Each structure stands twice: as structure tokens, then as C-alpha cells.
Amino acid sequence: METQAEAVTPAPSTAGTVEIYDTTLRDGAQQEGMNLSVADKVAIAALLDELGVDYIEGGWPGAVPKDTEFFARAAKELDLRHARLAAFGATCRAGAQPHEDPQVQALVDSEASVITLVAKSDIRHVERALRTDGQENLRMIAATVRYLAGLGREVVVDAEHFFDGYRYDGEYALACVQAAFDAGATTVVLCDTNGGMLPHLVTEIVTDVRARTTGRLGMHAHNDSGCAVANTLAAVAAGAEHIQGTVNGYGERTGNADLVTCAANLDLKLDAVRLPGLAEASRIAHAISEITNIAPHPRQPYVGASAFAHKAGLHASAIRVDPDLYQHIDPVAVGNDMRMLVSEMAGRASIELKGRELGFDLSGQPELLQRITTRVKAAEAGGYTYDAADASFELLLRAELDGGRGPRFFEVESWRTFVEHRPDAGPTAADSEATVKLRTGHGRTISTGEGNGPVNALDHALRGALLGTYPEIEDFELIDYKVRILDSQQGTDATIRVLIDTSDGVDSWSTVGVGTNIIEASWEALTDSVTWGLLHRGVEPR
Ligand SMILES: CC(=O)SCCNC(=O)CCNC(=O)[C@H](O)C(C)(C)COP(=O)(O)OP(=O)(O)OC[C@H]1O[C@@H](n2cnc3c(N)ncnc32)[C@H](O)[C@@H]1OP(=O)(O)O
Ligand SMILES: CC(=O)C(=O)O
């Protein structure tokens with residue numbers, strides 16, 4: 001069987017034996033709510049190249065105007081070191097010739113050295129969606145591949161609905177694969193377009209296709225059965241040498257196979273890939289989340305913020321001996337970090353390891369560790385949550401180390417706040433006022449603040465009172481404020497937990513306050529926030 005067009009030079013693979021093909025910019029962009037600008041796409045492509053993927057599918061030029069522009073800009077702006085750009089499009093239309101089809105011409109005009117064609121391989125789709133017959137579809141595939149390969153392009157064929165098509169009419173699905181290889185496709189990618197496959201079916205089908213063809217096979221899995229990564233790995237085990245997926249698993253409906261998870265498994269566990277940027281994967285996946293403006297999923301395998309976060313005391317006690325006892329890999333391999341979470345489930349080992357993470361050596365101090373553990377458990381029983389408020393935990397730890405006192409940048413004399421309802425005020429007018437009286441080494445200060453809501457007014461008043469002594473707080477900005485009612489059956493007497501996230505433009509930190517009064521709880525979280533911020537700026541109490 002002829003599997004390669006002579007004119008085609010295979011892509012130099014940076015990986016082991018399996019090629020990594022990213023489709024974040026095309027299939028990933030088909031995710032509900034995602035809308036990438038051309039500049040976003042260029043920025044993501046640069047990050048994907050840093051990750052070290054072999055191919056970056058940039059979009060469908062000729063169909064989506066932004067994608068046409070992407071290829072034009074990419075040629076000028078991107079200096080790709082690892083990856084080759086692939087332009088995606090369909091085979092020529094039924095009854096047409098590829099050189100006359102404007103959509104095929106747009107692929108040529110994109111100047112991408114790799115062209116990926118989506119081709120029907122399920123006879124039901126051929127007859128019902130394309131409204132043509134099986135022979136004509138085989139002609140469309142062969143003619144389009146031959147035309148593009150003849151122009152010196154590497155041609156990848158995505159056999160759409162391959163698995164469903166194979167189960168319905170295996171001979172026809174295989175004939176589509178064969179037609180693509182015979183015409184010069186370097187790779188035929190078996191697509192689980194509807195995402196409903198299970199790993200044992202993928203193993204069975206890919207094994208059969210492998211036995212009956214000789215060209216490079218790929219796998220493109222959607223996640224509708226929750227098995228996209230497993231299906232991709234099953235395909236590789238059965239002989240596929242090219243995998244497609246998207247960073248963070250973006251994609252239509254439930255998404256595509258998460259490419260980083262797939263590649264990390266193939267690299268670290270199966271030795272089938274060498275991804276040059278794997279050790280930067282966490283940063284790159286998060287940077288791409290920033291660009292897509294879709295919050296990263298903390299429980300994402302390998303790169304999620306919680307992927308190596310340990311909460312249970314028993315886990316921590318074993319990790320203290322050897323982190324491998326509770327981790328499947330060293331997080332450094334994917335640029336992630338092990339984190340200890342302090343909570344009601346903590347034991348002394350959790351506190352010792354968290355202390356180490358924060359720069360305190362608490363080893364050999366069992367009484368101190370016990371005191372802190374007891375205090376944490378009691379506070380958590382009362383509504384505090386330290387696994388979401390590292391900064392407040394650090395202040396608690398410092399207080400225990402300092403005989404119960406802890407860092408003090410100011411002494412609060414009193415504070416008060418009130419809300420005034422004025423029917424004639426506009427919607428943006430401040431409706432609250434707060435007064436804070438406190439003392440620093442520079443003397444007594446009284447400050448009044450206005451705000452939209454009493455907490456905002458208190459924040460302004462506290463800043464006003466401290467700014468003269470500690471100008472550093474000018475940079476502190478409250479970036480998130482969350483309130484949770486802990487025992488809602490108590491009605492207006494319920495315990496309230498407030499979590500505040502603060503940033504100084506470089507770092508961000510989280511603090512917690514608890515009380516039956518939302519303003520009191522907020523005040524506690526606010527003062528912890530200012531104290532931790534000053535401490536970490538290296539400021540001495542003045
Ligand atoms: C599985 C996948 O995710 S594949 C990628 C899907 N991505 C997208 O669809 C995003 C970009 N798509 C588009 O911008 C538009 O759908 C376009 C430009 C491609 C086509 O738009 P239109 O010409 O208006 O056609 P429309 O979208 O209504 O229908 C698709 C046409 O392509 C045909 N078609 C579908 N698949 C193929 C194929 N593999 N080969 C050739 N023709 C195909 C359909 O039969 C239909 O033809 P018809 O116009 O004769 O009915
Ligand atoms: C090609 C493609 O995106 C699919 O079949 O899902």
C-alpha cells in the first residue's frame with residue numbers, strides 16, 4: 001500500500017514516537033463562550049510552541065475570517081521553534097474538483113505547510129449530511145489529498161465519525177482511510193467526533209485498523225463519555241502514533257482530550273513522547289486560561305492548582321517521610337508544586353509541612369505543633385477555613401510562635417460604620433460611611449471613609465488611617481470578597497464567614513474572618529489582609 005506522497009517531507013517530530021497535534025485554536029475555539037481574537041490566537045500559538053507540540057492547528061482559513069487573518073499574521077509574527085502550523089478545512093464538495101473549490105483554495109492560500117482535511121468516513125453521514133454516495137465521497141477524499149500533496153503540502157486527514165462509522169459499516173470506514181493514504185496523506189486521524197466511545201472499543205477498532213493499514217494513524221477524541229484521555233491512550237497502545245487534543249480540554253460540548261494530560265501520561269508514564277516544555281506545562285496551561293478568559297479548573301490532572309494539594313493529616317504524615325508515598329509523579333516534572341492545606345483534617349505533620357512551605361522550621365517542636373493543630377481544629381469548628389486562607393493561617397502560626405501576640409502594625413481603638421438610605425441619590429452614590437480610630441508608632445489617627453456598602457467604607461477608612469504611617473498599602477487592592485452563611489437555619493443570627501483576596505499587583509493573598517455579624521467578620525479579614533501584606537513587604541512596625 002502506498003502511504004506517502006513523494007512530494008511530502010514528513011514533519012520533524014520533537015516527540016518520541018507519538019506526534020502531538022494541538023487543536024486548541026480550531027476545535028478548542030468551538031467551545032461555548034470562547035471567542036478568541038487574532039492576537040489571542042497568535043499569543044496562544046507562541047505558548048503552544050513553548051510547550052513543544054509538533055503541530056498547531058491554527059483554524060479554518062476561508063471559512064472563518066479571523067482564521068484567514070491568523071495565518072497571514074502568524075507567518076510574519078511567529079517564530080516557531082518546535083511546531084508546524086496546520087490549516088484545517090474540508091475535502092472538496094460533492095461534484096466539484098479541488099482546484100475549483102474556493103474553500104480548498106483558501107487552504108492553499110494560507111501557506112500553511114500542513115493541511116488537515118476533515119473527511120466523512122461514516123456512510124450515514126455521506127448519504128444524509130453530504131447527500132451523495134459512498135464512491136463520490138471516496139473520490140472527494142482522494143482528489144483533495146492528491147491535489148494538496150501534489151503542491152508539496154503535508155496532508156493529514158481527520159476521518160470524522162470514524163468509530164461510529166466503523167461500527168455501522170467497517171468496510172466503508174476503512175475504505176475512506178485507505179483512500180486517504182493511497183492519495184498521499186501522511187496521517188489519517190480516527191475521530192471520535194460524538195465523543196461516546198469507551199476505551200475497550202477504541203482498543204478493538206484501532207487494533208483492527210492498524211492490522212489492515214500501514215500509514216501513520218492518529219486519534220482525535222471528544223470527551224462526551226468522560227473517556228477522551230483514556231480513549232487517546234488506548235489508541236496509542238493499539239498502534240496510533242499521532243494524538244490530537246486541546247490545552248485544558250477546551251472544545252465543543254464537553255470538550256476534547258486534554259492535550260497536556262495526554263502528553264504528560266505519554267511522556268512520564270509510557271515513554272512514548274518527549275515534550276520539550278513539559279516542565280513548564282502548568283504555567284503554560286494557566287497562561288492560556290488567562291488569554292481565553294476561562295478560569296482554570298483546580299482539579300485538572302497534572303497542572304491544576306489542587307493537583308498536588310494535600311489536605312488529610314494522614315497523607316501529610318506519610319509525605320513528611322517521602323512525598324512519593326502520596327503523589328503519582330514529582331510535580332516539578334510538569335511545573336506544578338506540592339501544597340499542604342491546613343484545615344480541620346490537619347494533623348501535626350500537616351502543620352509542620354505547611355510551616356516549612358511558609359519558611360518556618362517547626363520540626364522537633366511537638367508541643368508547639370500540637371498547640372497549633374488544636375487551635376486550627378477549634379477555629380475550623382467555629383467556621384474558619386484555612387485551606388482557602390493561607391495568609392490568615394500564617395498569622396495564626398506567627399502568633400503561636402510569638403507567645404500568642406503575633407505581628408502588630410497598629411492597635412485598633414474602635415471602628416463603626418453605618419448605611420444611609422437616600423431615595424434621591426443616584427445608583428453610584430456612596431451609601432455608607434465608616435470611622436476607624438487606631439494607633440501606630442506615629443500616634444493616634446481617626447479616619448472616615450465612604451463607600452458603596454459598609455465593608456467598602458470600612459476598607460477606605462482603614463486605609464485612610466494607615467496610609468500616613470504605611471504608604472506601602474497604597475498598592476493593596478481588594479480583588480475578591482466572598483461571604484458564606486454557615487448555619488443558615490439560624491436566620492439572621494447565623495455565623496458568617498468572609499474570605500477576602502488582596503493583591504499588590506505582584507502577589508495575591510487570602511484572609512478569613514468569622515462572626516455572627518458580617519461587618520465584624522469582614523473587619524477581621526480586612527485587618528489580617530493589611531497585616532500580612534505589610535509583613536511580606538518586609539515592613540517593620542512604625
Ligand atoms: C467535526 C468538526 O468539528 S469539523 C469542523 C467544524 N467547524 C466548523 O463548522 C466551523 C467553520 N464552519 C463554517 O464557517 C461554515 O460552516 C462553512 C464556511 C464551513 C460552510 O458554510 P456554508 O457554506 O454556509 O455551509 P453549511 O455550514 O450550512 O453546511 C456545510 C456544507 O459543507 C458540506 N460538508 C460538510 N462536511 C464536509 C466534508 N467533509 N467535505 C465536503 N463538504 C462537507 C455539507 O454537506 C454542507 O454542504 P451544503 O452547503 O451543500 O449543504
Ligand atoms: C475533526 C473533528 O474535529 C472531529 O471529528 O471531531
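Everything numeric here is computed off the predicted structure, so don't read it as measured data. Remember, it's 1-based here, ligands and their atoms both numbered in the order they're listed.
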- Has Gln244 got any heavy atom lying under 4.0 angstrom from an atom of ligand 2?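 Outside the 4.0 Å threshold, so no.
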May I ask you to decide whether [X] forms a salt bridge with [Y], counting only side-chain N to carboxylate O separations under 4.0 Å?
X: Glu280; Y: Arg283; value: yes
X: Arg216; Y: Glu19; value: yes
X: Asp54; Y: Arg84; value: no

- Out of Asp27, Thr193, Asp192, which residue meets the side-chain hydrogen bond (donor to acceptor under 3.5 Å, both in side chains) rule with His220?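 Of the listed options, the one satisfying the test is Asp27.
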- Query: Under 6.0 Å from the six-membered ring centre of Phe88 and within 45° of its axis: does the NZ or CZ of Arg26 meet both?
  - Reply: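 Arg26 over Phe88 ring: yes.
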Does ligand 1 have any N/O atom under 3.5 Å from a protein N/O, and what are those pairs and their distances?
residue, atom, partner, partner atom, Å
ligand 1, 3 (O), Arg26, NH1, 3.4
ligand 1, 3 (O), Gln30, NE2, 3.2
ligand 1, 23 (O), Arg93, NH2, 3.1
ligand 1, 39 (N), Val118, O, 3.1
ligand 1, 40 (N), Thr91, OG1, 2.8
ligand 1, 45 (O), Ala129, O, 3.3
ligand 1, 47 (O), Arg93, NH1, 3.1
ligand 1, 49 (O), Arg93, NH1, 2.8
ligand 1, 50 (O), Arg93, NH1, 3.4
ligand 1, 51 (O), Arg131, NH2, 3.0

- Query: Looking at the rings of Tyr302 and His328, which for Trp means the six-membered one, are their centres under 6.0 Å apart?
  - Reply: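 Under 6.0 Å, so yes.
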- Message: Less than 6.0 angstrom separating the ring centers of Phe476 and Trp509, yes or no?
- Response: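 Yes, close enough.
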- Which segment of Thr193 sits under 4.0 Å of ligand 2 when only heavy atoms are counted: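 Contact part for Thr193 vs ligand 2: both backbone and side chain.
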- Message: Heavy-atom distances under 4.0 Å decide this one: backbone, side chain, both or neither, for Arg26 against ligand 2?
- Response: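 Contact part for Arg26 vs ligand 2: side chain (C-beta onward).
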- Interfacing atoms of ligand 2 (cut-off 4.0 Å, heavy-atom, His222):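 Listed by number with element: 6 (O).
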- Item | Ligand-residue contact atoms, ligand 2 with Asp27, heavy atoms, under 4.0 Å |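 Those atoms are 3 (O).
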- Query: Are there more than 12 heavy atoms of other residues, nucleotides or ligands under 6.0 Å from atom CZ of Arg124?
  - Reply: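 Atom CZ in Arg124 is packed in, count exceeds 12.
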- If you have a sec, work out which protein heavy atom is nearest atom 1 (C) of ligand 2 and how many Å separate them, to one decimal?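 Here the nearest protein heavy atom works out to Asp158 OD2, 3.4 Å.
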- Task: Report the nearest protein non-hydrogen atom to atom 2 (C) of ligand 2: residue, atom name, distance rounded to 0.1 Å.
- Result: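 Atom 2 (C) of ligand 2 sits closest to the protein heavy atom His220 NE2, 3.4 Å.
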- Gap separating the CD1 atom of Ile291 from the CG atom of Leu47, nearest 0.5 angstrom: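 One finds 5.0 Å between CD1 of Ile291 and CG of Leu47.
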